[in-house]
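In the text below, chain A, chain B and the rest are named by the order of the sequence lines, each starting its count at 1.
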Protein chains: 2
Amino acid sequence: MKKHTITDVAELAGVSIKTVSRVINQEPNVRPSTHSKVSQAIAELNYRPSISARSLAGNRSYLLALLYDNPSASYVTDIQSGVLQTCRAQNYEVLIHPCEYQDPALEKNITDLVHNSRVDGLILTPPLTDSRPLLELMKRLDIPYVLISPSSNSVFEWAVGTNDQAICSEMVQHLCGLGHRRIAFILGHPDHSALANRYAGYQEGLKACGLKVSKQLCVQGFNSFESGEQCARKLLKLKQPPTAIFACNDDMAAGAMKVAHELGLDVPGQLSVAGFDDIPLASQIWPSLTTVKQPIQKMGEVAAELLLRRFRQQSAEKFERITKSQIVVRDSTGPAP
Amino acid sequence: MKKHTITDVAELAGVSIKTVSRVINQEPNVRPSTHSKVSQAIAELNYRPSISARSLAGNRSYLLALLYDNPSASYVTDIQSGVLQTCRAQNYEVLIHPCEYQDPALEKNITDLVHNSRVDGLILTPPLTDSRPLLELMKRLDIPYVLISPSSNSVFEWAVGTNDQAICSEMVQHLCGLGHRRIAFILGHPDHSALANRYAGYQEGLKACGLKVSKQLCVQGFNSFESGEQCARKLLKLKQPPTAIFACNDDMAAGAMKVAHELGLDVPGQLSVAGFDDIPLASQIWPSLTTVKQPIQKMGEVAAELLLRRFRQQSAEKFERITKSQIVVRDSTGPAP
DNA sequence: ACGCAGCATGACAGCGTTGTCAATATTCCT
DNA sequence: AGGAATATTGACAACGCTGTCATGCTGCGT
């Protein structure tokens, strides 16, 4: 199977290479009859334009970079597959670029990525989405980007947002509906300002139920399983321990559940636990975890679409909110004791 | 920060662009004094060669593709980060390419990848590593590749292998040492011939302990959590149920543990459970899971090194065996009842 | 000192596209 | 029909690098 070039196609179709180029790039002003001759030649030779030649001549790389600093493997792979799905359909490729958000070399790292690999645009996930230096750098480099679930004050950025707050409020109301009155909350990592929305939702939910926020019942977690354990220990040691714990992510919820097991507390008989994310773990621990499921893959898809749209300057809508999150009720929540 | 080209560097260093090219590509026959002049100019301008131009002219892309069809997010991300680590050091980039191993369009899919993106080589993970049509396709396309933990009969391929068999044997001996005599095994997906090594190790371990393999105690799983549940149910319904279950991966072990919980069996008091992989879940369920930890990231690193070495025809060693797997004893295994 | 085998360097032609701009067809007016 | 406006096409020069080959230099053996 020989590799064909645009010249082969042009000859076969009996047109100039420029016309073939027009067809490939969906440029206007090609007569339908010509267009079909060319398409046919392309199909016949199974021709694919050379990415390198295209990027050299056209000064773009057909490459996107996906930046992330997220410890959750399932989150990362879900985002990846969403982004890939959109990109494959549009003949873009994706470079993955894990990084560390407090790395002092991050800026140089990204600058090199942009200059060296000549990527056309960047997609960022939390917590990178809320790094002011990074945002400024990207503007300085004049590289298009899209943020995935940035903190709520970013509605003026190109981004795909979520309804975290509303869904968290709903979760609290669900717990309240089960009779719980002392509902604790384990906050997410303070550096991830996007997670603050979840806390806001928790507060909103309590308010909606006519309950008030108790300082004691809100403890600061750091997203990890271990920090979930620590927070749960602190909460369950209270003179008035909560009857339900809502953690800002599933890892911490799982940590809380482990502590409950260790303390001999029956879940959900004596303690209800809820998480957020619906990582695979959630359905695999025992009892399975009530949580919030976000359409993560879909968010990746939409982010890539937004970015590709941004390239084309179809600047219609910069911000898209995905509201398909839903509560998944499993076995870790039940009526208050 | 303007983008510099090879011409800028050549001017600054007072040499021709070809000499700069020689320095960049570490070609021989450059006088040390010239070399340092050029390197200095490169550093001064913070120059990076354009990937597209390089690949167009040199007919290679400095791009690797990582192919996988693996449901375990943590496995995938670990391999990715290993591969990336090696590649970053050598200025290669990585395209991730999830695919489906029984997809009839797979061959076309890969052919397109190779022809279209012009990647220089492929890295495959199980179960793709054991797809004969795929291996043949790659040879036909004449594209270099490296396999990660292929089934044991692939020692003549460019590959990085493991000591799955030995470590599984060891795990069985560990269980036997705890007094277990009825040790069940949940086999991995039959399509993943690489997993057959683990079963072989199980058998070897039994033999080493003077126990014999019982057909009843070996049940066919399919790698998923759910299939682990089913297998465990079958095993625990036996008139002579096992006192220990060794599952071919952690997901199935977790499924087995869930069933044990549901049946009110104490783990490890009445039943010991062991897995393989050490996915994050393993340490987050309760009780935490005894399992085998493989140096997955390292395997990714080595695979990429092997591939880059293959490009350079330093065909010294094609096959590298990583033997750093180790048993992690946690709370799910204990003395036989 | 002479001749020759390397070593070191440079000139220049691609690589396979896209962008620019000019040339040619076609359409739409009046 | 005549002419302007617009649609369609093509010729050709980039793009930034590597490969090839020619040239000039250096050092060695005699």
Atom NE2 of B/His4 and atom P of D/dG16: how far apart are they, to the nearest Å?
-> 12 Å
Atom pair distance, as rounded to whole Å: NE2 in A/His115 and P in D/dG16 = 13 Å
Whole-Å distance between D/dC15 P and A/Ile6 CD1?
-> 19 Å
Whole-Å distance, B/Glu27 CD to C/dC7 C1', equals 14 Å
Numerically ordered, the residues 47-61 of chain A set in heavy-atom contact under 4.0 Å with DNA chain D is A/Leu56, A/Ala57
B/Tyr62 OH - D/dG16 P separation (whole Å) | 17 Å
Return yes if a side-chain donor-acceptor contact under 3.5 Å exists between B/His115 and B/Thr111, otherwise no.
-> no
For nucleotides 4-11 of chain D, which of its nitrogen or oxygen atoms have a protein nitrogen or oxygen under 3.5 Å away, and what is each distance?
{"unit_1": "D/dT8", "atom_1": "OP2", "unit_2": "A/Asn29", "atom_2": "OD1", "d": "3.2"}
{"unit_1": "D/dT8", "atom_1": "O3'", "unit_2": "A/Arg31", "atom_2": "NE", "d": "3.2"}
{"unit_1": "D/dT8", "atom_1": "O3'", "unit_2": "A/Arg31", "atom_2": "NH2", "d": "3.1"}
{"unit_1": "D/dT9", "atom_1": "OP1", "unit_2": "A/Thr34", "atom_2": "OG1", "d": "2.4"}
{"unit_1": "D/dT9", "atom_1": "OP2", "unit_2": "A/Arg31", "atom_2": "N", "d": "3.1"}
{"unit_1": "D/dT9", "atom_1": "O4", "unit_2": "A/Arg22", "atom_2": "NH2", "d": "3.4"}
{"unit_1": "D/dG10", "atom_1": "OP2", "unit_2": "A/Ser16", "atom_2": "N", "d": "2.8"}
{"unit_1": "D/dG10", "atom_1": "OP2", "unit_2": "A/Ser16", "atom_2": "OG", "d": "3.0"}
{"unit_1": "D/dG10", "atom_1": "OP2", "unit_2": "A/Thr19", "atom_2": "OG1", "d": "2.7"}
{"unit_1": "D/dG10", "atom_1": "N7", "unit_2": "A/Arg22", "atom_2": "NH1", "d": "3.3"}
{"unit_1": "D/dG10", "atom_1": "O6", "unit_2": "A/Arg22", "atom_2": "NH2", "d": "2.7"}

note: B/Leu45, atom CG; D/dG16, atom P; distance rounded to Å ~ 14 Å
Looking just at side-chain N and O atoms, do B/Tyr75 and B/Gln294 make a donor-acceptor pair shorter than 3.5 Å?
-> no
Can you list every ring pair (Phe, Tyr, Trp, His ring centres under 6.0 Å) pair that touches residues 45-67 of chain B, not counting sequence neighbours?
-> B/Tyr62-B/Tyr92
Does a donor on one side chain and an acceptor on the other come within less than 3.5 Å for A/Asp164 and A/Thr162?
-> yes
Please tell me if the side chains of B/Asp112 and B/Asn109 come closer than 4.5 Å, counting only heavy atoms from C-beta onward.
-> no
Could you state the interatomic distance from CD (B/Glu93) to CD (A/Glu93), rounded to the nearest 0.5 Å?
-> 12.5 Å
Find out whether B/Pro144 and B/Leu307 are in side-chain contact, i.e. whether some heavy atom of one side chain is under 4.5 Å from a heavy atom of the other.
-> yes
Which is it for A/Ser151 and A/Asp130 under the side chain to side chain donor-acceptor pair (under 3.5 Å) test, yes or no, and what are the steps along the way?
-> CA-CA 7 Å; A/Ser151 70; A/Asp130 296 299; 3.1 Å; yes
